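Reading through the structure tokens given below for one structure.
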Amino acid sequence: MDGKAFMEALNAIEEQKGISKESIIEALKEALKKAYIKEIDGDEEAIVDVTITESEINMSITKKVVEEVIIDYLEISLEDAKKVSKKAKIGDDLVINVDVESLRRITANAVKSILRQKLAEAEKHVLYEQNKDKINEMITGIVDHCDDRGCVVNVGRTSVYLSRRDLIGDETFEPDQSIRMFVANVSNGEKGAMIKVSRSDPGFLKKLFEEEVPDIYNGTVIIKSLAREAGIRSKLSVYTNDPNVDPVGSCIGVNGSAIKKIVEQLGNSRDKEKIDIITYTKNDGLYIVDALRPAKVLYIHLDEQVSEDGKKKAIAIVEDGQLSLAIGKRGANARLACHLTGWSIDIHEKCEMDNLSDISFKSVEELQEEEKTRAKKELYENYLAQVKSARAQREPVKEDLSQGFEKAKPQQILDEDIAEEKPVVEEVKPVVEEAPKVEEVEPTVSKTVVKTTTTLDALEASLENEKKKEPSFKATHKTSKRPHNITDEELPHEKLEEVKPVEKKGPQMDIYTKEELEDLENEEYVDEETYEDEDIDYDEYDSYYDDDEK
């Protein structure tokens, strides 16, 4: 055998099918073993061994040496054993080599057929290992060809089949066109791995919402339930625990941008699939009211008893003339509402309520009030739970108190928990000096009670004492006041002390030098009156004024 050509063939199969060399060698070994056993008319008890290397293929069969041969493929006579090994004796297990090239043509074809089967099984196993983690995920493939029954789509090294019922409405695809699919299931049965893909599955629509709506992707908005009839209508209920987020608005997007992108990916059929998005609520009545939209529901009756089909029954009363709207095209709206809510809903018009007089109905307004009450109660219970958890972190519960809690009433326990959480403020009493006590005075103007412990006389006495202790203005400011019988001459006059010039200390700079002082003394004094004696002829200037006037 050409070892180089053999290894090249193994590499080509590994690259095309994605099967490892070890798997191919094991498949070849098993094919040769089964083909040879079939050639010698043996069964599973035959002991055949095959070894394959890069340069050769070796095969052998093990037989027991006996005096009389009964089963040819398990036993060999001593005479024939001596031809193989002269040391053979009765009871030995003799290994006999088999020439692979001596195999018949029929056996070679059997090897080829078995090897092809084993490679297909190995390929499906690889396919299963690669796609088992892709359940409930989206994959993209290239359309190979389509017919009236469905499409064959290439996905990597393998292909999947997309049946007509797994398509959305009457959508069609061309060869080499890219297509997105939802992996509904990956199984590995007797026939090997099988990948179930679909575009009509509700999971396909759910994945589109997760990709296009950021609040659903990060978990802020949660999809509670989804009901779908591909190509006709779908209903989606969402909710959030963040009071600042509108779950329905998040799914629609700004100016409907998110919902438009989702609808564009729901096939190229003539009639686009309609999507209803509602807010999930724990009030079953309001939940059914929203699920039956676009019909307007007026009254609801809920029967908590479970029917034979495992669903609870409800009766909805809609506006007159909206029965067909509530049922929908081909009954799709009513079916989807039942599937979304889990209730079996019977729909009637308002004019038919007289025939249902023995049934008690609740209006939508009453259901809304019940929901408000339930929401307040839930909020209060959450608050109590937070209080209990905070208290448990500060003070661990003691085992000795378990019996006391069992005997106490639930409401009593809640009241005690709330009372213990209130901060205790100690009353601060002012310190008042001892004084004669008087009766309490209750003013009639205000409801507030004022208590006094001193009398008015005592307060006036204390004020007089404070005035005596404070220094008077006369004491702090020395002022003289003349008595009425003393004249001005008799008043003692205070002698003013002469102001002595401040002695100059240190060197000082003169303002003028001696030379400048002498110049100032010698400078002639000019009297301003001399200018009046000057002989000035002012008439010569009149000509200028005369010219200006001209």
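Quick caveat: nothing in here was measured; it's all calculated off a predicted structure.
In terms of modelled atom types and a separation under 3.5 Å, the side chain of E75 and the main chain of I70 share a donor-acceptor contact. Put simply, the side chain of N268 gets close to the backbone of T172: a donor and an acceptor are under 3.5 Å apart. In this structure, K224 contributes its side chain and T281 its backbone to no donor-acceptor pair below 3.5 Å. Counting only distance, with no hydrogens or angles, the side chain of S237 and the backbone of S225 share a donor-acceptor pair below 3.5 Å. Of the possible polar contacts, none joining the T140 side chain to the S178 backbone as a donor-acceptor pair under 3.5 Å is found. The backbone N or O of E369 sits less than 3.5 Å from a side-chain atom of T373, completing a donor-acceptor pair. Of the possible donor and acceptor atoms, one in the side chain of Q322 sits under 3.5 Å from a partner among the backbone N and O of K296. The closest donor-acceptor contact from the side chain of D147 to the backbone of G150 lies under 3.5 Å. For the pair R199 (side chain) and I179 (backbone), a donor-acceptor distance under 3.5 Å is absent. Side-chain atoms of N218 come within 3.5 Å of backbone atoms of P214 as a donor-acceptor pair (strictly under, hydrogens ignored).
Checked options V245, N241, N244; the residue passing with T220 is V245 (criterion: side-chain contact (heavy atoms from CB on, under 4.5 Å)). With E370 as reference, K362 is the one residue of K362, K377, K376, K282 to meet the salt bridge (charged side-chain N to carboxylate O under 4.0 Å, His left out) rule. A side-chain contact (heavy atoms from CB on, under 4.5 Å) with K29 holds for exactly one of V48, T51, V50; it is V50.
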task: Give the intermediate values and the outcome of side-chain hydrogen bond (donor to acceptor under 3.5 Å, both in side chains) for residues Y128 and S187.
output: CA-CA 7 Å; Y128 173 76; S187 60; over 6 Å; no
- request: For I347 and L323, run side-chain contact (heavy atoms from CB on, under 4.5 Å): C-alpha distance rounded to whole Å, both residues' side-chain angles, the deciding distance at 0.1 Å, then the answer.
  value: CA-CA 7 Å; I347 306 172; L323 181 60; 3.6 Å; yes
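To the nearest 0.5 Å, atoms CG (D144) and CG (N154) are separated by 4.5 Å. In this structure, CD on E378 lies 8.5 Å from CD on E371, to the nearest 0.5 angstrom. For the atom pair CG (L162) and CD1 (I195), the distance works out to 12.5 Å, reported to the nearest 0.5 Å. Separating the CG atom in N185 from the CG atom in N131 is a distance of 11.5 Å, to the nearest 0.5 Å. To the nearest 0.5 Å, atoms CD1 (I315) and OG (S344) are separated by 10.0 Å. Summarising the geometry, atom NZ belonging to K312 is positioned 10.0 Å from atom CG belonging to D303; distances are rounded to the nearest 0.5 Å.
A salt bridge links K207 with E210: the closest approach of a Lys/Arg side-chain nitrogen to an acidic carboxylate oxygen falls below 4.0 angstrom. Between K261 and E211 there is no salt bridge, since no side-chain N of the basic residue sits under 4.0 Å from a carboxylate O of the acidic one. Salt bridge K235/D276: present, at least one basic N to carboxylate O contact under 4.0 Å. At a threshold of 4.0 Å, the pair R293-D290 counts as salt-bridged, since one of the basic side-chain nitrogens sits closer than that to a carboxylate oxygen. Ionic pairing of K82 and E79 is not present here: no N-O contact between side-chain nitrogen and carboxylate oxygen is shorter than 4.0 angstrom. Classification of E273 and R228 as a salt-bridged pair holds, one side-chain N sitting under 4.0 Å from a carboxylate O.
Few gaps surround NZ on K272; more than 12 heavy atoms of other groups in view lie less than 6.0 Å from it. The environment of D242 atom CG is dense: over 12 non-hydrogen atoms of other residues, nucleotides or ligands sit within 6.0 angstrom. Residue-environment remark: NZ (K274) stays at or below the threshold of 12 foreign heavy atoms within 6.0 Å. No more than 12 heavy-atom neighbours from other residues, nucleotides or ligands sit within 6.0 angstrom of NZ on K313. Heavy-atom neighbours of D93 CG from other residues, nucleotides or ligands within 6.0 Å: above the threshold of 12. Atom CG of D176 has 12 or fewer neighbouring heavy atoms from other residues, nucleotides or ligands inside a 6.0 Å radius.
Counted by atom type alone, D166 and Y161 present zero donor-acceptor pairs between their side chains at under 3.5 Å.
By the 30° and 60° cut-offs, the orientation of the rings of F361 relative to H301 is perpendicular.
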